[in-house]
Number of protein chains: 2
Amino acid sequence: MARRHNDPARTREQILAKATDEFARLGFEGGRVDRIAARCNLSKNMLYYYFHSKEKLFVAVLERMYERMRDQQRDLAVRTSDPAVALEQLIRYTFNAFRDDPTIIRLMNEENKHKGKYLKKSQRVRDLYGPLLETLTFVIERGCKDGVFRPNLDPVTIYLMFCALCYHYLSNQFTLEIALGRDMSSESAQQRWVDQIVEVMSLHCLAGSPSLRKIA
Amino acid sequence: MARRHNDPARTREQILAKATDEFARLGFEGGRVDRIAARCNLSKNMLYYYFHSKEKLFVAVLERMYERMRDQQRDLAVRTSDPAVALEQLIRYTFNAFRDDPTIIRLMNEENKHKGKYLKKSQRVRDLYGPLLETLTFVIERGCKDGVFRPNLDPVTIYLMFCALCYHYLSNQFTLEIALGRDMSSESAQQRWVDQIVEVMSLHCLAGSPSLRKIA
DNA sequence: AGTCGTCTTGACTAGTTAGTCAATAAACGG
DNA sequence: CCGTTTATTGACTAACTAGTCAAGACGACT
């Protein structure tokens, strides 16, 4: 099966893939359209033919990243009926997703550097963070009803918490490794960290833990 | 007191200040030496006279940021003898430090984007994260000895946890606000978030909470 | 085979950007 | 008050960078 000379869908996907890599590694300003074209073995004009400008290419890269995240989340099936086990699965899934595709973290950081400027320019942005948050909401509702979790847990808050604990560790790996002189990148160090996240989040969600509100 | 025409120390500081702003907002690649010079009302040559290259200027900016962090941490005095209250103070201090100087987060993200490349080029990098981590270590040791905290708490792990919870919320404010449709930037939303951090970290550190290790 | 619309390219440009050079002006030491 | 060191500048450049243009090649349909 020799590759066709003219294969627009394939060409478009290839540009998007190489652009994702380029922008994730070097940011929007650091990314070079010439380099993306060269890595695709295409003339630079193709980027402009399909995406019209560097900025619109970057927006397309962001859109595709969110789509990819959502699609992968859709494949995640939490089959257990134990809310505590389900929570643990969701946390481990989140960490693995960030670890296995580093472009997610780098592109999100880039977008936040620009205060959401490019994401706002995207039409189909609404309802990001779909499936995982829906599952978490379902898990927490059941956990609260069953009395396994403490009452009045907010799913978005819980999500933000373990998301922060997964994200920051991976995003700031390099400076933390230098500043703290601690191994952050080995498989075992990361495994230990996820275990810690599961422990602290479980403790926070499970019933039987005293509320500390009165202390403040 | 009219400003002297030749005031090298002042000039150098001004360049560093404007460069910090420029690189934090636009990153290393996005930052423009001409713009930094223009904002200082200086000719561009001054940047090269004092810092030799864009890269060395960026390294100087990073070094100065870490120094500033350390100096501010040194001013922080935790006077209480109650470890739980001390922990809360350290957490609130950390959040406020990140919130009040957004350049810290942006520069750290930039440095991690480059996998620590520039920080490694700095000579005087060792023993970053000084005073606050030392205080935390002291607080945790006392808390464990007094039986207020559970035994065998690792200070660096605790620091990484609340640091992640403070950092991620502020760093990813914009994308999260778009994706979740939730207010992240108002004073009250941020206050509620810090309260949550204090709650979850206190629960994790205080004795009397059951260890969950056996579950896994 | 010829025509049309889609896909692809080489060659070009106008503007920008990090970095340089030679000259000048202020402080300073004797 | 003169020579030297330290600060500061205007003018320049070589390389790069996003974006353009006109023309060519491929496939499909008649």
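Just so it is clear, the values below take in all heavy atoms, side chains as well, and ignore hydrogens, waters and symmetry mates. Chain A is the first sequence line, chain B the second, and so forth, proteins listed ahead of strands; every chain is numbered from 1.
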Exercise for review: Determine, for R12(B) against D7(B), whether the closest basic-nitrogen to carboxylate-oxygen distance falls under 4.0 angstrom.
Suggested key: no
**Study point:** Closest nucleotide among dT8(D), dT8(C), dG19(C) to the M46(B) side chain
**Key:** dT8(D)
Check your understanding: For the atom pair CD1 (I140(A)) and SG (C205(A)), what is the distance rounded to the nearest 0.5 Å?
Key -> 5.5 Å
Practice item. Describe the nucleic acid contact of F51(B) in one word from base, sugar-phosphate, nothing, applying a heavy-atom distance below 4.0 Å. Key: nothing
Exercise for review: Examine the side chains of E177(A) and S185(A) and answer whether a donor and an acceptor come within less than 3.5 Å of each other.
Suggested key: yes
Review point. Do K113(A) and E29(A) meet the salt-bridge criterion of a basic N to acidic O distance under 4.0 Å?
Key: yes
Check your understanding: How many Å lie between CD on E13(B) and P on dA7(D), as a whole number?
Key -> 14 Å
Point to revise | Euclidean distance, atom OH of residue Y49(A) to atom C1' of dC21(D) [Å, nearest integer] | key: 15 Å
Exercise for review: Evaluate the ring planes of Y118(A) and F28(A), with Trp represented by its six-membered ring, and classify them as parallel (under 30°), tilted (30 to 60°) or perpendicular (over 60°).
Suggested key: tilted
Check your understanding: E55(B) has an atom CD; how far is it from atom P of dG19(C), in whole Å?
Key -> 9 Å
Check your understanding: Is it true that R182(A) and D154(B) make a salt bridge, defined as a side-chain N closer than 4.0 Å to a carboxylate O?
Key -> yes
Study note, to complete from the structure: Heavy-atom contacts, protein to nucleotides 12-18 of chain C, under 4.0 Å, summarised as B (base), S (sugar-phosphate only) or - (none) per nt, yield -----SB
Practice item. Grab the CD1-C1' distance between I36(A) and dT17(D) for me, whole Å please. Key: 12 Å
Revision key, fill the gap. From CG of N41(B) across to P of dT8(D) the rounded distance in Å is 13 Å
Revision key, fill the gap. From CZ of R12(A) across to P of dT6(C) the rounded distance in Å is 15 Å
Identify all pairs in which a protein N or O lies below 3.5 Å from an N or O of nucleotides 3-5 of chain D, and state each distance.
none

**Study point:** Between F162(A) and Y159(A), ring centroids under 6.0 Å
**Key:** yes
Point to revise | Listed partners of E67(A) passing side-chain contact (heavy atoms from CB on, under 4.5 Å), at least two apart | key: R70(A), R124(A)
**Study point:** Test of ring centre spacing under 6.0 Å for F95(B) and F98(B)
**Key:** no
Exercise for review: Check whether any side-chain N or O of T11(B) sits under 4.0 Å from OP1 or OP2 of dT8(D), and answer yes or no.
Suggested key: yes
**Study point:** Minimum-distance nucleotide (side-chain atoms of L42(B) versus dT9(D), dA7(D), dT8(C))
**Key:** dT9(D)
